[in-house]
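Note sheet for the following structure.
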Amino acid sequence: MAVLSDYHLHSSFSGDSETPMETMIERAISLGMKNMCFTEHMDMDYVYIKEEETGMFDLNTDSYLFDLIKYKEKYSDKINIYFGVELGLQPHLARTLSKYVKEYDFDFVIGSSHLCNRKDPYFPYFYEGRPEEEAYREYFSSILDNLKVFQNFDVYGHLDYVVRYGPNKDKDYSYGKYKDVLDPILEKLIDMEKGIEVNTSGVSYGLKELNPCTGILKRYRELGGEIITIGSDAHSPDRILKDFNRAADILKECGYKYHTIFAKRMPEYVKL
Ligand code: HSO
Ligand code: ZN
Ligand code: ZN
Ligand code: ZN
């Protein structure tokens with residue numbers, strides 16, 4: 001069965017997208033999508049280093065929700081639209097983020113690491129003056145720091161996001177090389193009954209694998225993990241549902257029979 005649900009989508013409510021929400025919806029409908037979940041960026045306490053700009057990823061959640069409800073009704077006979085958020089996790093924000101999540105009736109919450117000890121792995125300075133491996137390890141251990149203090153999310157986003165931006169990307173990277181830091185993350189997620197997502201946007205960064213890599217997906221399953229959402233992380237209409245067949249094939253190869261969609265924060269399992 002083709003996967004017809006995309007659980008990681010941005011529109012102009014995110015600081016790094018200019019696509020009107022309705023353009024994303026119309027494209028999704030034209031692709032035959034059944035369930036689309038917007039997951040707009042909310043990265044509190046984010047400083048865009050290049051321009052020393054603060055607040056680039058502050059989400060105006062009220063106007064986002066206002067438009068979402070409007071389009072949900074307008075397109076109700078064509079597609080299910082869900083209200084999600086991609087929360088940028090940082091340990092010192094744990095209490096503020098918990099409070100924020102409780103203020104809205106989200107269908108789905110992705111917890112993502114976009115900053116790591118207040119530094120942004122998106123920029124070269126994160127890797128300069130040290131081996132790539134050290135930077136990747138810093139990123140993974142900061143995920144564990146987040147998990148120790150924050151729980152109000154459904155899936156962890158693009159677990160190995162850092163390899164998109166490293167000097168050699170995922171050329172010298174594998175699950176096995178980082179097993180000692182990755183296993184505690186996966187074990188903790190499973191203990192907390194949290195999922196992970198397969199994020200297909202790495203393809204446009206020229207990665208050899210999706211995020212996270214197949215080794216991580218296999219290991220999560222092996223340890224008993226079952227909650228997997230699939231998301232394109234599209235910021236523009238052309239990326240919607242991209243590489244979903246590949247994601248589904250990888251998941252089946254790793255032993256998964258289902259992927260997961262969420263409504264009102266409750267998982268529903270859909271056959272792959
Ligand atoms: N959060 C973006 C990437 C980024 N832009 C980091 C600036 N910093 C990924 O959707
Ligand atoms: Zn983004
Ligand atoms: Zn992200
Ligand atoms: Zn995203």
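Everything numeric in this text was worked out from a predicted model, so none of it was measured. Counting convention: from 1, in listed order, for ligands and their atoms alike. Quick note: residue numbers are just sequence positions, from 1.
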- D233 OD1 to E86 OE1 via the Zn ion (ligand 4), rounded to 10°, gives 170°

- Message: Using a distance threshold of 2.8 Å, state whether an N, O or S atom of H41 lies below it from the Zn ion (ligand 3).
- Response: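 No - counting backbone and side chain alike, H41 has no N, O or S atom under 2.8 Å.
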
- Task: Using a cut-off of strictly less than 2.8 Å, determine whether H10 has an N/O/S atom near the Zn ion (ligand 4).
- Result: yes

- Message: Between H8 and the Zn ion (ligand 4), is there a contact where an N/O/S atom of the residue lies under 2.8 Å from the metal?
- Response: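 Checking H8: at least one N, O or S atom is under 2.8 Å.
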
- Message: Quick check: Y165 with F126 (ring centres under 6.0 Å apart)?
- Response: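 Judged by ring-centre distance (under 6.0 Å), F126 and Y165 do not meet the cut-off.
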
- Task: May I ask you to establish whether K169 and Y205 are in a cation-pi arrangement, using a distance under 6.0 Å from NZ or CZ to the six-membered ring centre and at most 45° from the ring axis?
- Result: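 No, K169 and Y205 do not form such a contact.
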
- Message: Can you tell whether the side chains of E134 and R137 come within less than 4.0 Å, N to carboxylate O?
- Response: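 No.
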
- Query: Salt bridge or not for D233 and R164, using N-O below 4.0 Å?
  - Reply: yes

- Query: What distance separates R130 CZ from E138 CD, expressed to the nearest 0.5 Å?
  - Reply: 4.5 Å

- D16 N/O/S atom closer than 2.8 Å to the Zn ion (ligand 2): yes

- Nearest to the Zn ion (ligand 3) - the N/O/S atom of H158, by atom name: NE2

